[in-house]
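One structure is given below, encoded as structure tokens.
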Amino acid sequence: MAKVTGALLMARSLKQQGVEYMFGVVGFPVQPIAAAAIEVGITYIGMRNEQSASYAAQAVGYMTGRPGACLVVSGPGVVHGLAGLANAKENCWPMILIGGASPTYQNGMGAFQEERQVQIASPFCKYAHAVEHVYRIPFYVEQAVRHSIYGRPGAVYLDMPDDIIQGEIEESEAVVVANIPEPPRSQAPQENIEAALDALEGAENPLVIVGKGMAWSRAEDEVRAFVERTQLPFLASPMGKGVIDDNHPLSVGAARSHALKEADVIFLMGARLNWIMHFGSKPRFKEGVKIIQLDISHEAIGNNQPTAVPLVGDGKAITGQLNQALENRQWFYPGDTAWRSALKEKADANAAQIQPMIDDNSSPTNYYRALKDIREAMTEDTIIIGEGANTMDIGRTQLPNASPRLRLDAGSYGTMGIGMGFAIAAAVVHRDKPVVSVSGDSALGFSGMEIETACRHKLPIKIVVLNNGGIGRGIDEFPKDEQLPAHVLTIAARYDLMMEAFGGKGFYVEDPADLKQALADAKAFDGPALVNVRLHAAAGRKPQQFGWLTT
Ligand code: ADP
Ligand code: MG
């Protein structure tokens with residue numbers, strides 16, 4: 001009879017359940033799992049820090065619909081990986097963290113890197129378990145992968161002690177499990193479908209908000225059909241961008257604040273009224289605004305604001321139901337309302353307000369001017385990654401997405417440092433698509449060593465650093481003998497040379513007049529490239545009506 005090790009059984013079980021990508025940092029005791037993963041045909045990317053590996057695994061989960069795996073060593077490896085678990089939990093993205101653990105027979109003895117790993121992973125996970133027998137590995141992998149993608153997606157954790165990884169059983173002793181089918185799609189009761197349409201019909205200032213739950217459920221065809229059939233104005237959440245083309249005539253993204261503030265009926269589709277949406281409360285929202293809420297999670301209904309009409313279930317299935325029900329109605333939202341004109345007026349005013357910054361050719365440059373060239377250098381199928389406070393916020397408004405799941409950013413948890421992991425994941429999953437990460441200088445710093453990973457694996461990601469020499473903003477000159485302010489970083493630091501150091505191509509842009517050419521050269525280079533754009537130290541956003549994080 002053939003023998004099989006725990007490591008090989010783990011790799012085979014992952015492969016069986018459709019886990020195609022693994023990111024990790026090897027060492028004791030997980031090295032054999034990485035080797036086995038490569039042996040069974042899982043794409044393995046060796047990263048430089050577990051944080052980035054765990055970010056990459058969840059980006060794979062969001063982009064492909066099956067969790068990516070993150071493989072980490074015991075103790076500190078698992079602790080670093082927690083960063084990704086927390087981010088995956090907040091974003092509702094699937095990933096599986098596989099933590100090596102000290103041998104079970106040394107539990108409690110102060111073993112090398114001994115840690116209570118299942119306990120510390122649990123608050124971030126839908127499912128966290130230690131594997132206690134080699135023959136049950138397929139059972140645990142099936143449970144973990146299923147929990148990660150069924151219902152509201154999220155993170156899961158499996159603990160693999162050294163003696164389980166190295167343990168051997170007869171192949172025939174392993175538990176046999178079924179392949180996990182795609183998540184079942186549940187519908188909403190018909191009466192709620194009709195109630196939702198009635199509420200929209202009765203609205204004076206209706207608004208649709210499309211979130212990344214709709215991108216996850218692959219509801220783009222249904223959502224576009226719904227918006228076009230009803231002619232309702234819509235806006236997208238940061239990563240809901242592209243479910244419908246940002247340049248769609250019904251998009252009111254350019255009048256976001258006004259749309260949120262004055263809408264009387266809001267149809268929340270796979271999005272949450274959390275801090276990004278100002279909790280749905282006044283003065284950012286109208287008092288008493290009627291909320292129609294589509295979400296896969298029962299517990300999410302009514303969070304922060306009461307829900308007038310709940311639509312609990314799968315985004316694609318329920319939007320399909322709405323479209324079907326619309327076949328029996330004549331109604332659509334008319335083209336000539338005061339609401340539409342007000343939104344248009346506001347969008348035009350906002351555009352006029354930023355135009356001078358876009359047209360400003362002074363050097364060093366500002367965000368809007370830099371993003372103009374970046375936008376022009378991008379094709380519609382580009383996967384755009386954004387991080388860094390201003391870089392991300394302004395980038396969100398200036399870099400349009402035409403298709404779903406092509407924008408990845410700091411997301412619901414506001415995590416800086418996700419960029420390199422996300423870019424690497426995007427390049428591995430979508431070998432046919434350009435990947436551009438637009439990052440602040442501070443944000444890049446969290447995971448900058450992964451530039452080496454991109455170079456080693458020959459992943460042709462393009463990184464653009466909008467470099468203001470600081471967190472939030474920089475300073476023009478370093479003070480002589482004084483304590484440095486907390487937010488400053490090196491002025492005009494040469495991140496482009498980091499890229500060169502590992503074999504990629506770096507460009508340094510001082511004058512915006514040179515940016516177009518640098519971007520073109522970076523694009524033409526067949527490998528990773530970094531364009532380091534010096535920004536004015538005081539560059540900022542256009543003036544906002546409300547301060548950051550106001551409720
Ligand atoms: P955004 O940041 O785009 O607003 P959030 O992550 O805050 O998005 O919210 C996404 C919502 O989508 C979550 O509440 C989640 O439960 C929900 N969701 C996840 N999967 C589905 C699905 N298949 N159908 C409908 N809603 C979903
Ligand atoms: Mg900065």
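Values below: all heavy atoms of this structure, side chains included; hydrogens, waters and symmetry mates excluded. In listed order, ligands and their atoms are each counted from 1.
- Taking every heavy atom of Gly211 and a limit of under 4.0 angstrom, the matching atoms of ligand 1 come to 3 (O).
- A salt bridge (charged side-chain N to carboxylate O under 4.0 Å, His left out) with Glu222 is found for one member of Lys316, Arg229, Arg185 and no other, namely Lys316.
- A cation-pi geometry, defined here as NZ or CZ lying under 6.0 Å from the six-membered ring centre and within 45° of its normal, does not hold between Arg534 and Tyr508.
- At least one N or O atom of Asp295, backbone or side chain, sits closer than 3.5 Å to an N or O atom of ligand 1.
- For atom 3 (O) of ligand 1, the closest non-hydrogen atom of the protein is Ser237 OG, 2.4 Å.
- Lys282 has a carboxylate O that lies under 4.0 Å from a charged side-chain N of Glu287, or vice versa, which qualifies the two as a salt bridge.
- Contact check on Glu228 versus Arg224 returns no salt bridge, with no Lys/Arg side-chain nitrogen under 4.0 Å from an Asp/Glu carboxylate oxygen.
- From the protein, the heavy atom lying nearest to atom 2 (O) of ligand 1 is Lys212 NZ, 2.8 Å.
- In this structure, Gly313 has a heavy atom closer than 4.0 Å to ligand 1.
- Comparing Ile296, Asn274, Val312, Thr319 against atom 27 (C) of ligand 1, the shortest heavy-atom distance belongs to Ile296.
- Within the listing of ligand 1, atoms 2 (O), 6 (O) sit less than 4.0 angstrom from a heavy atom of Ser412.
- Each of the following atoms of ligand 1 lies closer than 4.0 Å to a heavy atom of Leu294: 25 (C).
- Of the protein's heavy atoms, Asp314 OD1, 2.9 Å lies nearest to atom 23 (N) of ligand 1.
- The backbone N or O of Val60 sits less than 3.5 Å from a side-chain atom of Thr64, completing a donor-acceptor pair.
- Note: Phe226 and Phe267 meet the aromatic proximity criterion, with ring centroids under 6.0 Å apart.
- Without hydrogens or angle criteria, Thr490 side chain to Ala493 main chain gives no donor-acceptor distance under 3.5 Å.
- Of all protein heavy atoms, the one lying nearest to atom 10 (C) of ligand 1 is Gly270 O, 3.1 Å.
- Inclusion of Gly470 in the first shell of the Mg ion (ligand 2) is supported: an N, O or S atom falls under 2.8 Å.
- The neighbour count for Lys126 NZ, taken as heavy atoms of other residues, nucleotides or ligands under 6.0 Å away, is above 12.
- Distances from atom 4 (O) of ligand 1 to the heavy atoms of Gly154, Ala271, Ala219 show the closest one on Ala271.
- Regarding atom 12 (O) of ligand 1, its nearest protein heavy-atom neighbour is Gly213 CA, 3.2 Å.
- Under the side-chain contact (heavy atoms from CB on, under 4.5 Å) rule, Val465 has a single partner from Leu535, Val533, Leu530, which is Leu530.
- Taking the ring centroids of Phe422 and Trp93, they lie under the 6.0 Å cut-off.
- Considering only non-hydrogen protein atoms, atom 25 (C) of ligand 1 sits nearest to Gly315 N, 3.3 Å.
- Nearest protein heavy-atom neighbour of atom 20 (N) of ligand 1: Trp216 CD1, 3.2 Å.
- Looking from atom 7 (O) of ligand 1 to the surrounding protein, the closest heavy atom is Arg272 NE, 2.7 Å.
- The minimum distance between the Mg ion (ligand 2) and any N, O or S atom of Asp441 involves atom OD1.
- With 2.8 Å as the limit, Thr391 does not count as an N, O or S neighbour of the Mg ion (ligand 2).
- For Ile276, no nitrogen or oxygen atom sits less than 3.5 Å from a nitrogen or oxygen atom of ligand 1, counting backbone and side chain alike.
- The pair Arg405-Glu220 meets the salt-bridge criterion, since a charged nitrogen lies less than 4.0 angstrom from a carboxylate oxygen.
- Using the six-membered ring where Trp is involved, Phe234 and His248 have ring planes that are perpendicular, over 60° apart on the 30 and 60° scheme.
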